Amino acid sequence: MQKFKVLKALTDAKVVAVIRGNSAEEAALLSQAAIAGGIRAIELTYTTPFIEDTFKELRNTDAWIGAGTVLDVETARHAILNGANFIVSPSFHSEIAAVCNRYSIPYLPGCMTVKEMVAALECGSDIIKLFPANQFEPSYIKAVKGPLPQVSIMPTGGVGLSNMNDWLQAGAVAVGIGGDLKKAYTKNGYAGAVEKAKSYIQQLSQQ
């Protein structure tokens with residue numbers, strides 16, 4: 001039941017903020033800014049040093065917190081033990097899928113081809129991360145849904161304010177964003193990141 005609750009939360013949120021910090025502290029501030037701006041789903045990437053500290057910092061938030069850039073089973077289990085609500089990888093790994101299924105945690109693997117998507121579906125992935133999305137046009141979703149009408153796709157990588165609604169209108173169940181938030185934070189600090197997050201929510205309401 002928890003797995004389906006998380007999946008519904010992600011598809012309801014529509015926007016997942018992918019957080020890559022130079023430190024655990026920066027990742028926490030970026031995440032808190034995204035949440036303050038109205039984003040309800042956060043992906044904390046394992047490229048951030050000591051990311052487990054960020055998980056602890058966000059433990060009492062009402063947003064859904066997942067783990068990204070998960071490349072192996074050990075990292076997946078580490079994330080789950082630190083409270084990750086969902087697991088995201090840049091590519092598909094059947095071993096990670098097995099661990100996530102064991103603990104009823106949604107696994108969102110990165111896929112580019114129909115063959116990769118079918119393999120992920122067969123291992124229980126309910127949402128497929130189209131990555132990197134900047135290599136495709138939104139019309140790719142319609143093409144994939146011809147042979148795979150049941151697939152749920154979340155484009156990530158190259159998705160921003162200028163094309164987010166194009167992807168959602170093309171059939172994406174959600175999108176992964178993040179680069180804009182980091183740039184806004186670097187330029188204008190916490191307040192800048194909050195305003196950028198608000199821009200995404202406002203854009204979402206206009207689709």
Side-chain angles (χ1 to χ4, degrees), residues 6 9-10 13 15-100 102-103 105-111 125 127 129-134 154-160 174-198 200:
V6 175
L10 293 176
V15 176
V16 178
V18 181
I19 304 298
R20 296 186 186 279
N22 295 322
S23 66
E25 181 182 11
E26 182 180 73
L29 286 170
L30 275 167
S31 300
Q32 289 161 351
I35 294 167
I39 294 176
R40 311 314 305 158
I42 305 293
E43 176 189 326
L44 300 175
T45 65
Y46 264 77
T47 53
T48 302
F50 305 106
I51 194 64
E52 63 270 18
D53 293 339
T54 310
F55 276 101
K56 292 174 184 176
E57 185 74 20
L58 301 177
R59 186 159 290 171
N60 295 322
T61 183
D62 60 353
W64 297 89
I65 310 298
T69 321
V70 175
L71 302 178
D72 49 49
V73 171
E74 292 80 8
T75 305
R77 179 164 169 75
H78 182 267
I80 292 168
L81 290 175
N82 277 284
N85 298 128
F86 56 96
I87 301 294
V88 186
S89 296
S91 57
F92 170 65
H93 299 267
S94 59
E95 299 88 354
I96 296 176
V99 169
C100 290
R102 186 175 301 140
Y103 295 103
I105 299 290
Y107 175 46
L108 288 64
C111 299
S125 295
I127 297 177
K129 180 175 80 166
L130 178 63
F131 179 80
N134 59 9
M154 183 181 80
T156 304
V159 179
V175 296
I177 62 99
D180 283 354
L181 285 175
K182 183 69 177 290
K183 289 176 183 176
Y185 177 82
T186 300
K187 185 177 181 180
N188 295 310
Y190 178 87
V194 171
E195 289 305 309
K196 183 61 67 174
K198 287 181 178 178
Y200 275 96

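As the structure is a prediction and not an experimental result, all values here were calculated from the model. Numbers here simply count residues along the sequence, with the first being 1.
Sorted by first and then second residue, the salt bridge (charged side-chain N to carboxylate O under 4.0 Å, His left out) pairs involving residues 58-75 (not counting sequence neighbours) are Arg40-Asp62.
With rounding to the nearest 0.5 angstrom, the CD1 atom of Ile19 is 9.0 Å from the CG atom of Leu58. The line from CD1 of Ile80 to CZ of Arg102 is 9.0 Å long, rounded to the nearest 0.5 Å. If you take CD1 on Ile96 and OG on Ser91, they are separated by 7.5 Å, rounding to the nearest 0.5 Å. Note that CD of Glu43 and CD1 of Ile87 are 9.5 Å apart. Values are rounded to the nearest 0.5 Å.
Partners of Ser89 by side-chain hydrogen bond (donor to acceptor under 3.5 Å, both in side chains), not counting sequence neighbours, listed by chain and number: Tyr107. For Lys198, the side-chain contact (heavy atoms from CB on, under 4.5 Å) partners are Val194, Glu195, not counting sequence neighbours. Listed by chain and number, the residues in a side-chain contact (heavy atoms from CB on, under 4.5 Å) with Ser23 are Glu25, Glu26 (sequence neighbours excluded). Checked against side-chain hydrogen bond (donor to acceptor under 3.5 Å, both in side chains), Asn85 has no partners two or more places apart in sequence or in another chain. Evaluation of the side-chain hydrogen bond (donor to acceptor under 3.5 Å, both in side chains) rule for Tyr103 yields Arg77 as partners, not counting sequence neighbours.
Under the 4.5 Å side-chain criterion, counting only non-hydrogen atoms from C-beta, Leu108 is in contact with Leu10. Side-chain contact between Pro90 and Thr156 is absent, with no heavy-atom pair separated by less than 4.5 Å.
Of all the heavy atoms in Ile177 and Tyr200, the pair that sits closest is CG2-CE2, 3.7 Å. Across all non-hydrogen atoms, the minimal contact from Tyr190 to Ala36 is OH-CB, 3.7 Å. In this structure, Ala197 and Ile39 approach most closely via the heavy-atom pair CB-CD1, 3.9 Å.
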Which donor-acceptor pairs under 3.5 Å do the side chains of residues 28-35 make with protein atoms, sequence neighbours left out?
from	atom 1	to	atom 2	distance (Å)
Ser31	OG	Ala27	O	2.8

Listing, residues 46-55 side-chain donor-acceptor contacts under 3.5 Å, not counting sequence neighbours, or none:
from	atom 1	to	atom 2	distance (Å)
Tyr46	OH	His78	ND1	2.7
Tyr46	OH	Ala79	N	3.3
Thr47	OG1	Arg20	NH1	3.0
Thr47	OG1	Thr45	OG1	2.9
Thr48	OG1	Gly21	N	3.0
Thr48	OG1	Gly21	O	3.4
Thr48	OG1	Thr45	O	3.4
Thr54	OG1	Ala24	O	2.9

